[in-house]
Amino acid sequence: MFLTNKLNLCLLFALTFLSLAAFAKNPTEVFWEDLVPEGFNELAPPPLSSHENTMAQLQPDAPVVEAYNGKYVKIPGFVVPLEGTDELTTEFLLVPYFGACIHVPPPASNQIVHVTFENGVAIEDLYDAVWVTGTLSTEGWQGDIASVGYRLKGEAVEAY
């Protein structure tokens, strides 16, 4: 009887550990409104043109939600490629709507995620929204196109 109880306890411990491990790998779904701190006014002044005849970013220093720092997340958006080859993209900006940072001024910095994939990832069609999964950081990033509030170390990209 003692051996049976000990086996049951070991089995229960193993199942609990496996359940927690599986749960830990499920990303939290995050949407763009989640990345805006409570009370922050998203309304921005009208776009301004620079002397180079380009559109200036409206809110380059928008605050971020620190609670997402280090979180494993899944977030939808559109890809603005920065680095890679014709087959694999290693670095891109994830933005909430098509054309952001290219055809219209960049959104507030807390509405842009700088994504990197160490080995690159295939992006099927830049016109389609995708889910990007990985570990989010509130460490900002500065590029030629825009100031960015979040970074994400990418693990997967899938159709939205």
Side-chain angles (χ1 to χ4, degrees), residues 20 22-160:
L20 289 175
F23 179 73
K25 268 316 228 184
N26 288 332
T28 301
E29 286 188 5
V30 175
F31 296 92
W32 294 100
E33 59 272 13
D34 300 329
L35 299 178
V36 178
E38 187 175 325
F40 175 68
N41 184 358
E42 293 180 69
L43 299 177
L48 302 172
S49 292
S50 70
H51 295 292
E52 294 84 34
N53 202 28
T54 59
M55 299 300 273
Q57 186 171 8
L58 303 177
Q59 295 179 336
D61 297 314
V64 297
V65 178
E66 291 294 335
Y68 286 113
N69 193 36
K71 298 290 183 189
Y72 187 61
V73 301
K74 180 178 180 179
I75 182 169
F78 292 89
V79 172
V80 177
L82 297 175
E83 295 288 334
T85 65
D86 289 340
E87 294 83 30
L88 297 175
T89 302
T90 56
E91 181 181 0
F92 61 87
L93 299 180
L94 189 68
V95 294
Y97 50 89
F98 180 77
C101 299
I102 298 173
H103 302 296
V104 296
S109 58
N110 61 16
Q111 295 294 282
I112 307 173
V113 179
H114 177 253
V115 181
T116 56
F117 278 86
E118 189 173 324
N119 297 318
V121 65
I123 304 294
E124 297 297 320
D125 191 346
L126 295 177
Y127 294 101
D128 293 337
V130 295
W131 282 104
V132 180
T133 302
T135 303
L136 194 63
S137 165
T138 55
E139 179 183 330
W141 180 84
Q142 179 68 45
D144 293 337
I145 297 175
S147 293
V148 176
Y150 296 94
R151 288 184 178 195
L152 188 135
K153 184 174 181 182
E155 289 187 12
V157 172
E158 60 187 280
Y160 179 69

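- Residue Glu118 places its CD atom among 12 or fewer non-hydrogen atoms of other residues, nucleotides or ligands, all under 6.0 Å distant.
- Side-chain contact check for Ser137 versus Asn69: some heavy-atom pair is nearer than 4.5 Å.
- When all heavy atoms of Asn119 and Leu88 are compared, the pair lying nearest together is O-CD1, 3.7 Å.
- In this structure, the side chains of Trp32 and Leu94 come closer than 4.5 Å at one or more pairs of heavy atoms.
- Between the Thr28 side chain and the Val73 main chain, no donor and acceptor come within less than 3.5 Å of each other.
- For the 3.5 Å distance criterion, the side chains of Gln142 and Ser147 qualify, holding a donor opposite an acceptor.
- Considering every non-hydrogen atom in both Val64 and Pro37, the closest pair reads O-CG, 3.5 Å.
- Contact check for Tyr97 versus Val104: side-chain heavy atoms found under the 4.5 Å cut-off.
- The closest side-chain heavy-atom distance from Pro106 to Cys101 is below 4.5 Å.
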Step-by-step side-chain contact (heavy atoms from CB on, under 4.5 Å) determination, Val30 to Leu35: CA-CA 8 Å; Val30 175; Leu35 299 178; 3.7 Å; yes
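- In this structure, Asn110 and Tyr150 have side chains that are in contact, with non-hydrogen atoms separated by less than 4.5 Å.
- Interatomic distance, CG of Leu136 versus NZ of Lys74, reported as 15.0 Å (0.5 Å rounding).
- Side-chain contact between Leu82 and Leu93: present, with at least one pair of heavy atoms (C-beta onward) separated by less than 4.5 Å.
- Judged by distance alone, the side chain of Thr90 and the main-chain N or O of Gly120 form no donor-acceptor pair under 3.5 Å.
- For the residue pair Phe78 and Tyr127, the shortest heavy atom distance occurs at CE2-O, 3.5 Å.
- For the residue pair Gln111 and Val36, the shortest heavy atom distance occurs at NE2-CG2, 3.2 Å.
- A heavy-atom distance below 4.5 Å is not found between the side chains of Val115 and Trp141.
- Taking the six-membered ring for Trp and thresholds of 30 and 60 degrees, His103 and Phe98 have ring planes inclined between 30 and 60 degrees apart.
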N/O donor-acceptor pairs under 3.5 Å from side chains in residues 151-160, not counting sequence neighbours:
unit_1, atom_1, unit_2, atom_2, d
Arg151, NE, Gly140, O, 3.0
Arg151, NH1, Glu139, OE2, 3.4
Arg151, NH2, Gly140, O, 3.4
Glu155, OE1, Tyr72, OH, 3.0

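- Using a 4.5 Å heavy-atom cutoff, the side chains of Gln57 and Ile112 are in contact.
- Across all their heavy atoms, Val121 and Phe92 have their closest contact at CG1-CE2, 4.4 Å.
- Note that CG of Asp128 is 11.0 Å distant from CD1 of Ile123, once rounded to the nearest 0.5 Å.
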